[in-house]
Amino acid sequence: MDFELPESHRALKNSLKDFCERKVKTQSREWDKDERFPAEVVRELGEMGVLGMLVSEEYGGAAMDSLAVAVAVEEIARYDGSLALTVASHNGLGTSHIRVFGNDAQKKKYLPKLASGEWLGAWGLTEPASGSDASGLKTTAVRKGDKWILNGAKMFITQGTVGHVFVILALTAPEKRQKGITAFILEKGTPGFSQRSIHGKLGMRSSDTAELVLEGVEVPDSQRLGEVDHGFIDTLKILDKGRITIGALAVGLGRGAIEESVRYARERTAFGQPIAEFQGLRWMFSDMKTEIDAARLLVHRAAWMADAGQTYTQAASQAKLFASEAAMRACNKAVQIHGGYGYTREFPVERYLRDAKLCEIGEGTSEIQRSVIAREIFKG
């Protein structure tokens, strides 16, 4: 058993640390305050190969693995959860759905631009009335000859307005529920397809989020992604791997909260000594560090299992569940350690706390993860 990262992954981590110190750390607070998507920085990440980590070299990608994505997302999240979410969702959702289930023509058309960051990908599953119950979606796709007509709406879609390529899940056989869902590729600007920005979020404020509206959107059958009525089964595979990256994002936020708090505790004095000397706080740090390190191990184990071709549904849910809740505990304690300053925007820990909450909700809530884990325990 080897706990050391491969050299290529260590190099990726170090290059992202340097990049984030130079380009992200000094701007992330303003991005959050203004709810501004940092398009210029995202483009630079694309030039570094960070937006095509899972794409094969044939299509211009870096041909790395799930562990590399986890390492990258954690490193970025330590500085900015919103930017890490952009990287996680682009690599793991829309791009991966095309990468895994697309035909040769679709891969050739879309993957090079997605891998380079020239285009951003988005994934449309959640709807205004269906979140955890993803099979309850109401968007429909009706076949007419060699075309499909899509109608419906999607909600809380990451990269919803800045994305160029959208994977949309729609009912093609409503009577079959989850066994009657099909995926389609839509491009921004398709007639009848529009986006509405969502503002006023608690956290992840510089990650682009939108509602998608489909009104009589006509797409050729060549834009169908995967087999008819097989979209939900494919979706579950996409979600499993996405949960690993959200776990990594949570680890990065928790780690950032710890590092910022260590710095503060060494500098802040009370009763004639640095507050880092008080046993009560030192025990808080011990709990935070232990839980975040344990979360990282769960995330890396799930990534390793995925890369090894093993079944990893339970491992992915365990990683996301534990990491997201550990991050919330760590970030909450970080605010407490900072005292009144932690309740202001002067220090980043309040942003880490707001961002971490999404990790307990997105890609399946903590309650859904517990249900998945229990199902796997009692399977067979």
Side-chain angles (χ1 to χ4, degrees), residues 5 7-57 59-96 98-99 110-123 157-166 188 197 203-210 245-246 248-249 251-253 255-256 259 348 351-352 355:
L5 288 173
E7 183 178 349
S8 59
H9 295 55
R10 296 198 302 272
L12 173 66
K13 178 180 178 180
N14 291 335
S15 66
L16 284 172
K17 178 181 180 180
D18 177 68
F19 178 84
C20 288
E21 285 283 346
R22 292 184 292 107
K23 298 293 184 73
V24 179
K25 185 176 182 178
T26 59
Q27 302 186 78
S28 54
R29 182 170 67 176
E30 291 304 313
W31 295 339
D32 174 80
K33 177 184 175 182
D34 298 337
E35 298 186 73
R36 184 172 74 83
F37 181 78
E40 66 287 352
V41 171
V42 173
R43 279 194 296 272
E44 290 187 61
L45 288 174
E47 294 169 0
M48 293 172 62
V50 178
L51 299 183
M53 283 185 284
L54 296 175
V55 177
S56 68
E57 294 178 352
Y59 299 110
M64 298 190 80
D65 55 17
S66 299
L67 181 58
V69 176
V71 168
V73 169
E74 177 190 333
E75 197 63 34
I76 297 169
R78 183 265 172 265
Y79 297 91
D80 185 13
S82 293
L83 186 60
L85 180 60
T86 299
V87 172
S89 61
H90 175 84
N91 277 286
L93 297 178
T95 300
S96 277
I98 296 172
R99 178 182 60 83
Y110 293 112
L111 290 182
K113 291 184 178 180
L114 290 168
S116 69
E118 179 182 350
W119 284 2
L120 291 177
W123 196 64
I157 307 305
T158 306
Q159 276 94 258
T161 67
V162 299
H164 301 79
V165 181
F166 298 78
K188 190 171 186 175
S197 295
M204 301 292 186
R205 288 165 55 86
S206 61
S207 166
D208 182 67
T209 308
T245 58
I246 295 300
L249 199 163
V251 170
L253 290 169
R255 174 185 144 205
E259 292 173 358
R351 171 164 51 88
Y352 292 160
D355 287 351

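Below, all heavy atoms of this structure are taken into account, side chains as well, without hydrogens, waters or symmetry copies. The residues of the chain are indexed from 1 along the displayed sequence. None of the values given here were measured: they were computed from a predicted structure.
- Nearest heavy atoms, L12 versus M53: CD2-SD, 4.0 Å.
- Rounding to the nearest 0.5 Å places OH of Y79 at 13.0 Å from CG of L253.
- The backbone N or O of G163 sits nowhere less than 3.5 Å from a side-chain atom of H90 that would complete a donor-acceptor pair.
- Here E35 contributes atom CD and S207 contributes atom OG; the two are 11.0 Å apart, rounded to the nearest 0.5 Å.
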Distance-only criterion, 3.5 Å: show the donor-acceptor pairs between side-chain atoms of residues 39-46 and protein atoms not counting sequence neighbours.
| residue | atom | partner | partner atom | Å |
| --- | --- | --- | --- | --- |
| E44 | OE1 | K23 | NZ | 2.6 |
| E44 | OE2 | K23 | NZ | 3.3 |

Checklist entry - Where do M204 and T209 land on the side chain to side chain contact (heavy atoms under 4.5 Å, CB included) test, with the steps shown first? => result CA-CA 9 Å; M204 301 292 186; T209 308; over 6 Å; no
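- In this structure, Y110 and W119 have tilted ring planes: the angle between them lies in the 30° to 60° band.
- Using a 4.5 Å cut-off on side-chain heavy atoms (C-beta onward), R351 and D80 make contact.
- The minimum heavy-atom distance linking S82 with S206 is given by the pair CB-OG, 3.0 Å.
- Within the 4.5 Å cutoff, side-chain heavy atoms of Y59 are placed close to those of P112.
- Atom-to-atom distance recorded for L51:CG and N91:CG is 6.0 Å, nearest 0.5 angstrom.
- Within the 4.5 Å cutoff, the side chain of Q159 has no heavy atoms near those of the L93 side chain.
- Remark: the backbone N or O of F37 is not paired with any side-chain donor or acceptor of D208 at under 3.5 angstrom.
- Checking each of R29, R36, E30 against K33 for a side-chain contact (heavy atoms from CB on, under 4.5 Å) leaves exactly one that passes, namely E30.
- Formation of a donor-acceptor pair under 3.5 Å by the R99 side chain with backbone atoms of V55 is not found in this model.
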Validation: residues 61-78 side-chain donor-acceptor distances under 3.5 Å, sequence neighbours left out:
| residue | atom | partner | partner atom | Å |
| --- | --- | --- | --- | --- |
| D65 | OD1 | H9 | NE2 | 2.8 |
| D65 | OD1 | L67 | N | 3.4 |
| D65 | OD1 | A68 | N | 2.9 |
| S66 | OG | K241 | NZ | 3.4 |
| S66 | OG | D307 | OD1 | 3.1 |
| E74 | OE1 | R296 | NE | 3.2 |
| E74 | OE2 | R255 | NH1 | 3.3 |
| E74 | OE2 | R296 | NE | 3.2 |
| E74 | OE2 | R296 | NH2 | 2.9 |
| E75 | OE1 | R255 | NH1 | 3.1 |
| E75 | OE1 | R255 | NH2 | 3.4 |
| E75 | OE2 | R255 | NH2 | 3.1 |
| R78 | NE | E259 | OE1 | 2.7 |
| R78 | NH1 | Y352 | OH | 3.0 |
| R78 | NH2 | E259 | OE1 | 3.3 |
| R78 | NH2 | E260 | OE2 | 3.3 |

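- Looking at K188, its side chain does come within 3.5 Å of a backbone N or O of T161 through a donor-acceptor pair.
- For the pair D355 (side chain) and G203 (backbone), a donor-acceptor distance under 3.5 Å is absent.
- Note that CZ of F19 is 15.0 Å distant from CG of N14, once rounded to the nearest 0.5 Å.
- In this structure, the separation between CG on L111 and CD1 on I98 is 6.5 Å, given to the nearest 0.5 Å.
- One finds the OG atom of S89 at 7.5 Å from the CD1 atom of I246 (value rounded to the nearest 0.5 Å).
- Between L83 and P38, the shortest heavy-atom contact is CD1-CG, 4.2 Å.
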